[in-house]
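Here the structure comes first, spelled out in structure tokens, and everything after it is commentary.
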Amino acid sequence: MSANHTNKLERLQQLANSISLPKDMVLGAATASYQIEGAINEGGRGPTVWDHFTHIPGNIADGTNGDIACDHYHRLEEDVALMKELGLTAYRFSICWSRILPNGRGPINEDGLAFYERLTDLLLEAGITPYATLYHWDLPLPLQEEGNGWLRRNLVEDYVHYVNITTKRLGAKIKHWTTFNELFTFTWWGYGLKEDAPGLGGGAKAALTASHHALLAHGKAVPVIRKNVPDAQIGIVLDLNPVTPASNAPADIDAARRFEGCQNRWYLDAIFKGQYPADMLETYKDVLPAIEPGDLDEIAQPLDYLGINIYRRSVIEDGTEFAPVNFKRHLPEGQYTQMGWEVHPQCLYDILQYVNTNYSPKQLYITENGAAFPDTVEADGSIQDWDRSSYMLTHLEQAARAIEDGIPLKGYFCWTLMDNFEWAEGYLPRFGLIHVDFGTQKRTIKQSGKLYAMVAGQLQGKL
Ligand code: LGS
């Protein structure tokens with residue numbers, strides 16, 4: 001390594017050592033079933049919307065799919081051993097509905113339940129706490145074909161049935177349950193636009209209808225999980241952004257309010273206050289879904305935690321995207337990741353403050369935070385991912401700052417454990433702490449992973 005690189009590394013190591021987190025802080029990594037498992041036709045798994053969507057030419061930037069992905073399905077031992085090497089105390093993964101119920105409903109597939117039980121056993125043996133997400137976007141295909149998936153109100157009952165079966169069987173070993181990952185993303189990008197599965201492109205009305213049904217499914221599932229797993233910690237994961245207007249112009253200020261209402265308050269107000277925000281009901285007045293009496297009471301179940309996925313801030317001006325939200329993203333000068341997202345570590349602190357001040361959840365987790373940058377494998381096989389290392393440590397610093405300020409942040413999960421299938425972007429962006437060679441499936445811990453292990457090691461030293 002050159003003298004310049006040695007200095008750079010020393011500075012990052014100093015930063016890693018200076019991050020002071022409480023000794024019981026949960027430090028983990030996150031993944032999702034479709035992005036890593038592969039083995040789409042094995043173990044009795046049925047097809048999902050993402051299997052279908054990725055096989056339609058033109059949908060995925062590099063023409064790939066998750067058929068094999070990281071082949072995690074066949075590599076549980078190796079992958080859990082790597083998590084241990086990273087010093088993780090928790091692992092956030094998602095359960096693929098169609099491994100449990102291949103047709104979405106009907107016969108239960110024991111092999112699917114056994115797969116997640118084996119993963120859980122391996123994690124527990126390694127001293128890693130499992131955090132299971134019940135829905136990370138891979139809806140069973142037959143349920144999509146019946147009434148356009150989340151546009152059909154009765155999909156709520158199918159979801160609750162799946163949750164009942166899964167938590168009854170796995171609840172003895174898994175105590176942390178998340179009902180949904182990111183309602184905003186899959187409803188707006190998959191139902192409103194055509195970017196993600198199912199690629200419906202039905203505009204705001206479709207996005208809001210899917211959102212309402214998914215919120216209702218969340219609300220109805222919570223008591224079922226409580227009954228099946230009385231000592232469970234139950235939460236939901238939302239993707240939230242601190243939002244600021246791009247200028248003092250009234251049009252930009254109003255666009256920022258609408259965008260913030262669309263991405264943040266629509267979901268937070270429903271879940272924590274049992275009402276949709278009045279200003280957004282007005283903005284959405286021509287595209288509202290059917291909301292039945294009692295729906296919002298049912299959505300607003302008491303939760304043990306809120307998980308926040310945070311990647312960036314949003315600086316917003318007036319525009320035409322997501323009509324009738326009508327905004328445009330302003331891109332301030334600065335560093336950007338491979339995804340074109342601004343690096344702004346303070347966003348992590350700001351979003352925690354915002355949520356804590358306005359909604360006071362009992363506990364908070366950062367359930368995803370991370371960055372894609374191109375990686376180079378050096379001649380000696382190492383990956384010196386400076387930008388990702390710095391992104392991770394500067395965001396962790398902000399997590400430590402939030403805890404010092406009294407925010408009940410209990411854990412941080414890096415996105416992601418290993419490079420994987422990044423939805424519509426395919427395998428182009430690499431977010432992992434571990435590099436994956438998709439030709440050979442060889443895994444290599446990157447420099448960022450080693451630095452993360454340093455932070456984790458410090459915590460373990462405190463035990
Ligand atoms: O891989 C996903 C990560 C990467 O960046 C993960 O499965 C999701 O839960 C999460 O959405 N992830 C993510 N989000 C950053 C913000 C998404 C903005 C959507 C823009 C689409 C063009």
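First listed ligand is number 1; within each ligand, the first listed atom is number 1. Nothing here was measured: the structure is a model prediction, and the numbers come from that model.
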Only distances under 3.5 Å count here; give the side-chain donor-acceptor pairs of residues 234-246 to other protein atoms, sequence neighbours excluded, each with its distance to 0.1 Å.
unit_1	atom_1	unit_2	atom_2	d
D239	OD2	T185	OG1	2.7
N241	OD1	S314	OG	2.6
N241	ND2	R312	O	3.2

Should the ring pair F186 and W150 be called parallel, tilted or perpendicular, given that the plane angle runs from 0 to 90° and is split at 30 and 60?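 Tilted: the ring planes of F186 and W150 meet at 30° to 60°.
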
Residue pairs involving residues 323-343 (criterion ring-ring contact (aromatic ring centres under 6.0 Å, His included); sequence neighbours excluded):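 Sorted pair list: F259-F327, Y311-W341, F322-F327.
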
Taking everything shown except K328 itself, do over 12 heavy atoms lie less than 6.0 Å from its NZ?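 No - once you tally the heavy atoms of other residues, nucleotides and ligands closer than 6.0 Å, there are 12 at most.
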
If the condition is salt bridge (Lys or Arg N to Asp or Glu O under 4.0 Å), which residues does E117 pass it with, not counting sequence neighbours?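 E117: salt bridge (Lys or Arg N to Asp or Glu O under 4.0 Å) contacts with R169, K173.
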
Which protein residues have a heavy atom closer than 4.0 Å to any atom of ligand 1, listed by chain and number?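 If the criterion is a heavy atom under 4.0 Å, then ligand 1 touches Q35, H136, W137, N181, E182, W189, N309, Y311, R312, W341, E368, W415, E422, W423, F431.
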
Treating N309 as the side-chain partner and E368 as the backbone partner, does any N or O pair qualify as donor plus acceptor under 3.5 Å?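 Confirmed, N309 side chain pairs with E368 backbone.
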
